[in-house]
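Convention: sequence-line order gives letters A, B, ...; per-chain numbering from 1.
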Amino acid sequence: MKKIDQEIVRESKMEELAQEGIELFPHKVKKTHSIFDIVSGFSSFSKEELEEKKVKVIVSGRIVTIRRMGRATFFHIADSQARVQVYLREDKVGKKNYKLFSLFDIGDIISVEGFLFETKTGELSIFTDSFTFLAKCLHPLPEKWHGLQDVELRYRKRYLDLIVNPEESEVFRLRSALISKIRQFFDQKGYIEVETPMMHAIPGGALARPFKTFHNALGIDLYLRIAPELYLKRLIVGGFEKVYEINRNFRNEGISSEHNPEFTMLEFYQAYSDYNDMMVLTEELINFLSLSILGLEEVVFGEEKISLKRPWKRMKFKEALVLYSGIAPSRFEDEAGVIELALTLTPDKKSLTYGKALDIIFDKYVKHNLIQPTFIINLPKEVSPLAKASKDNPDEAERFELVMGGMEIANAFSELTNPAEQRERFEQQAEERKKGSEEAHWIDMDYIQALEYGLPPTGGEGIGIDRLVMIFANRKSIREVIFFPLLRPK
RNA sequence: GGCCCGUUAGCUCAACUGGUAGAGCAGCGGACUCUUAAUCCGCAGGUUGAAGGUUCAAGUCCUUCACGGGUCACCA
């Protein structure tokens, strides 16, 4: 890559540092405080208190601003959480060191040692007596005022985004807190966290196209998992009554502001419960997350306010269709008509079943209207091959989707426990595969055998963590909540 | 994959119906010991995403391509 003049300047400054005997890549540095410790611990102190206490600190960070004024210089050092001002004066550090500092640039990482004080303008700062070079930044950083705006660059070079747009790091701190609180929630309820395979010989547990790979030693095709579901239920068969897993799923489908090919899924299963229990648990979980992270039972999402006060609305799938689709209720009785309508919405599809057609109409006309958290219950059995049928209506499944912010956040059901019925459902799916539906479920005989050993009544659920973070962090694109979203290599 | 939009200095953005590619920040040189988007003086920085084409003349119009964003489709 061609070097620009500023890069050449920075390189020659680094050479000069070396000539001055400065260690360019030091091994270790002393540190008494983080920048955050200083800002949070001493901001409330008055000028006089600081002078009296003479707090000595050794702190490291990246130089993000420099204001040189002859024999004195102010600069800020920062990490992803906080920034603090440093005051450097020639009479304090000596002529030689002061001159050395002219070889430092915005972006360099240094350690400074000094006493805390307050400037005339009232900013908590470090009056430094010495500083240590830690790392050179060989490229100029984006502009201090606007930061890095180019979304493509922000995603491709997330480290740059984090350096110059510190508010972006808040999204990821929130994400981390959310996952940590999820673990706390389930652990307290006696769940155990488990890990199941991410490489499957038979990809299952969802309706989606998988990524395919090959294992050399075994000489077999393997697939990156599209869901952990079937393995987690095997663990229920094995006697673990409450399990959860938080990890990546991989789906070889389109990319959009709501879809990344790899995404983080929370799945949890509880023996001796059903989908109604899962609804209560879900409300409890997300309400808890909101209260413990945001301190509120409400989140702002775009133009909307989402209330997380319990209980949340429960609405039958078909009722939601009638209420939001704008299609006359009587038309839903006409199966052929519904299929025809759905086909016009998805020109790529050649044929559809009634249940699939309803699902398409739901996604198209209903989902985006559901901003407040809503459990859409009793989805068509046809599109739910792993769920128990409803007692009252054999065409419906004991299944719900949680929709909020116009997005599907969770999907849960009373797990199908009857091995013979599971086998029939798989066979139906196999028929659909034959007809060209690449996302239809495979037949997993080992899973059926696991069911034959006896799966107790079980409720299970998956929650899309990335989308939940989107809502909590008020971001409209999934790429804003994933450090390194998938982009085409340049 | 279809359609729409975008791509100009390291970054953020200008450049009217085609007529000499500019500014701010960052950088370099100089002044400056409480500044904070520091200030003041000066300087440098460009294959306008790529390749073709139209034209006396293209950042601007046309074609193709690349990457991204939005949207539709696919897909929980």
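Across all strands shown, A:Gly462 has no heavy atoms under 4.0 Å from either base or sugar-phosphate atoms. Among the heavy atoms of the strands lying under 4.0 Å from A:Thr119 is at least one base atom, whether or not backbone atoms are also near. Counting any heavy atom pair closer than 4.0 Å across all strands shown, A:Glu408 reaches a base atom. A:Glu258 comes within contact range of no nucleotide atom at all, as no heavy-atom separation falls under 4.0 Å. Looking at heavy-atom distances under 4.0 Å, A:Phe362 makes no contact with the nucleic acid at all. As judged by a 4.0 angstrom heavy-atom cut-off over every strand, A:Glu401 is placed among the base-contacting residues. Within 4.0 Å (heavy atoms only), A:Glu90 reaches no atom of the nucleic acid at all. Residue A:His76 is in base contact, counting any heavy-atom pair closer than 4.0 Å across all strands shown.
Remark: aromatic rings of A:Phe133 and A:Phe104 are close, center separation under 6.0 Å.
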For nucleotides 21-28 of chain B, just jot down a letter per nucleotide in 5' to 3' order: B, S or -, based on protein non-hydrogen atoms under 4.0 Å.
---BBBSS
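B:C34 and B:G70: their C1' atoms are spaced 48 Å apart (whole Å). Comparing the C1' positions of B:G46 and B:U39 gives a spacing of 29 Å, expressed to the nearest Å. A gap of 33 Å separates the P atoms of B:U54 and B:C11, to the nearest Å. Taking atom C1' on both nucleotides, B:A26 is separated from B:G45 by 11 Å, rounded to a whole Å. Nucleotides B:U55 and B:U8 have their C1' atoms positioned 22 Å apart, rounded to a whole Å. Straight-line distance between the C1' atoms of B:U20 and B:A37: roughly 33 Å, to the nearest whole Å. Comparing B:A21 with B:U64, their P atoms sit 28 Å apart, to the nearest whole Å. On the C1' atoms, B:G27 is 9 Å away from B:G10, given to the nearest whole Å.
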Please produce a list of atom pairs where a protein N or O lies less than 3.5 Å from an N or O of nucleotides 67-71 of chain B.
| residue | atom | partner | partner atom | Å |
| --- | --- | --- | --- | --- |
| B:C67 | OP1 | A:Arg488 | NE | 3.0 |
| B:C67 | O3' | A:Arg156 | NH2 | 2.9 |
| B:C67 | O2' | A:Glu152 | OE1 | 3.3 |
| B:C67 | O2' | A:Glu152 | OE2 | 2.2 |
| B:C67 | O2' | A:Arg156 | NH2 | 3.3 |
| B:C67 | O2' | A:Lys490 | NZ | 3.3 |
| B:G68 | OP1 | A:Arg488 | N | 2.8 |
| B:G68 | O4' | A:Glu152 | OE1 | 3.0 |
| B:G69 | OP1 | A:Arg479 | NE | 3.2 |
| B:G69 | OP1 | A:Arg479 | NH1 | 3.4 |
| B:G70 | OP2 | A:Arg479 | NH1 | 3.2 |

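Between the CD1 atom of A:Ile163 and the P atom of B:C11 there is a distance of 14 Å, rounded to whole Å. Nucleotide B:C34 holds its P atom 15 Å from the NZ atom of A:Lys92, rounded to whole Å. Between the CG atom of A:Asn252 and the P atom of B:G1 there is a distance of 13 Å, rounded to whole Å. Distance A:Phe75 CZ to B:C34 P: 16 Å, rounded to the nearest Å. The distance between atom CG of A:Asn249 and atom C1' of B:C75, rounded to the nearest whole Å, is 14 Å. The CG-C1' distance, from A:Asp161 to B:C11, rounds to 13 Å in whole Å. When the P atom of B:A14 is taken as reference, atom CD of A:Gln149 falls 12 Å away, rounded to whole Å. To the nearest angstrom, P of B:A9 lies 12 Å from CG of A:Leu153.
Partner assigned to B:U71 is B:G2, using Watson-Crick or G-U wobble distances below 3.5 angstrom. Base pairing of B:G18: no nucleotide in any strand meets the Watson-Crick or G-U wobble criterion (both distances under 3.5 Å). Under the Watson-Crick or G-U wobble criterion, with both distances below 3.5 Å, B:U55 is left unpaired in every strand shown. In this structure B:U7 sits in a base pair with B:A66, meeting the Watson-Crick or G-U test at under 3.5 Å. Base-pair partner of B:A23: B:U12 (Watson-Crick or G-U wobble, both distances under 3.5 Å). Pair assignment for B:U33 gives none, since no Watson-Crick or G-U wobble pairing has each distance under 3.5 Å. In a base pair of the Watson-Crick type (N1 to N3 plus N6-O4 or O6-N4) or a G-U wobble (N1-O2 and O6-N3), with each distance short of 3.5 Å, B:C28 is matched with B:G42.
Under 3.5 Å, the side chain of A:Arg71 and the base of B:U33 form no donor-acceptor pair of N or O atoms.
Judged by the 6.0 Å distance and 45° axis criteria, A:Lys92 is positioned over the aromatic ring of A:Phe127.
Enclosure of atom NZ in A:Lys476 by more than 12 non-hydrogen atoms of other residues, nucleotides or ligands within 6.0 angstrom is indicated.
Between A:Arg67 and B:U35 there is no side-chain N or O to OP1 or OP2 distance below 4.0 Å.
When all heavy atoms of A:Ser414 and A:Glu398 are compared, the pair lying nearest together is OG-OE1, 2.5 Å. Residues A:Phe332 and A:Ser325 share a closest heavy-atom pair of CZ-OG, 3.6 Å.
Residue A:Met470 is tested with A:Ile409, A:Val171, A:Ile478 for a side-chain contact (heavy atoms from CB on, under 4.5 Å); the sole match is A:Ile478.
Note: A:Phe250 and A:Phe211 have perpendicular aromatic rings, judged against thresholds of 30 and 60 degrees for the angle between ring planes. The aromatic rings of A:Phe186 and A:Phe268 are tilted relative to each other, their planes meeting at an angle between 30° and 60°.
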Working note: A:Asp161 + A:Arg158, criterion salt bridge (charged side-chain N to carboxylate O under 4.0 Å, His left out); need CA distance, chi angles, decisive distance, verdict.
CA-CA 5 Å; A:Asp161 186 29; A:Arg158 181 69 84 183; 2.8 Å; yes
Could you check A:Arg175 against A:Thr264 for side-chain hydrogen bond (donor to acceptor under 3.5 Å, both in side chains), going step by step and ending with a plain yes or no?
CA-CA 11 Å; A:Arg175 180 182 176 118; A:Thr264 300; 3.1 Å; yes
Begin with the C-alpha distance, continue with both residues' side-chain angles, and end with the deciding distance and a verdict on salt bridge (charged side-chain N to carboxylate O under 4.0 Å, His left out) for A:Glu438 and A:Arg433.
CA-CA 6 Å; A:Glu438 285 184 70; A:Arg433 283 194 82 74; over 6 Å; no
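Salt bridge present: A:Arg248 and A:Glu262 bring a charged side-chain N and a carboxylate O closer than 4.0 Å. A salt bridge links A:Arg425 to A:Glu421: at least one charged side-chain nitrogen sits closer than 4.0 Å to a carboxylate oxygen.
The nucleotide whose nearest atom lies closest to any side-chain atom of A:Pro142 is, among B:G10, B:C11, B:C75, B:C11. Of the candidate nucleotides B:U33, B:C74, B:U35, B:U35 has the atom lying nearest to any side-chain atom of A:Gln85.
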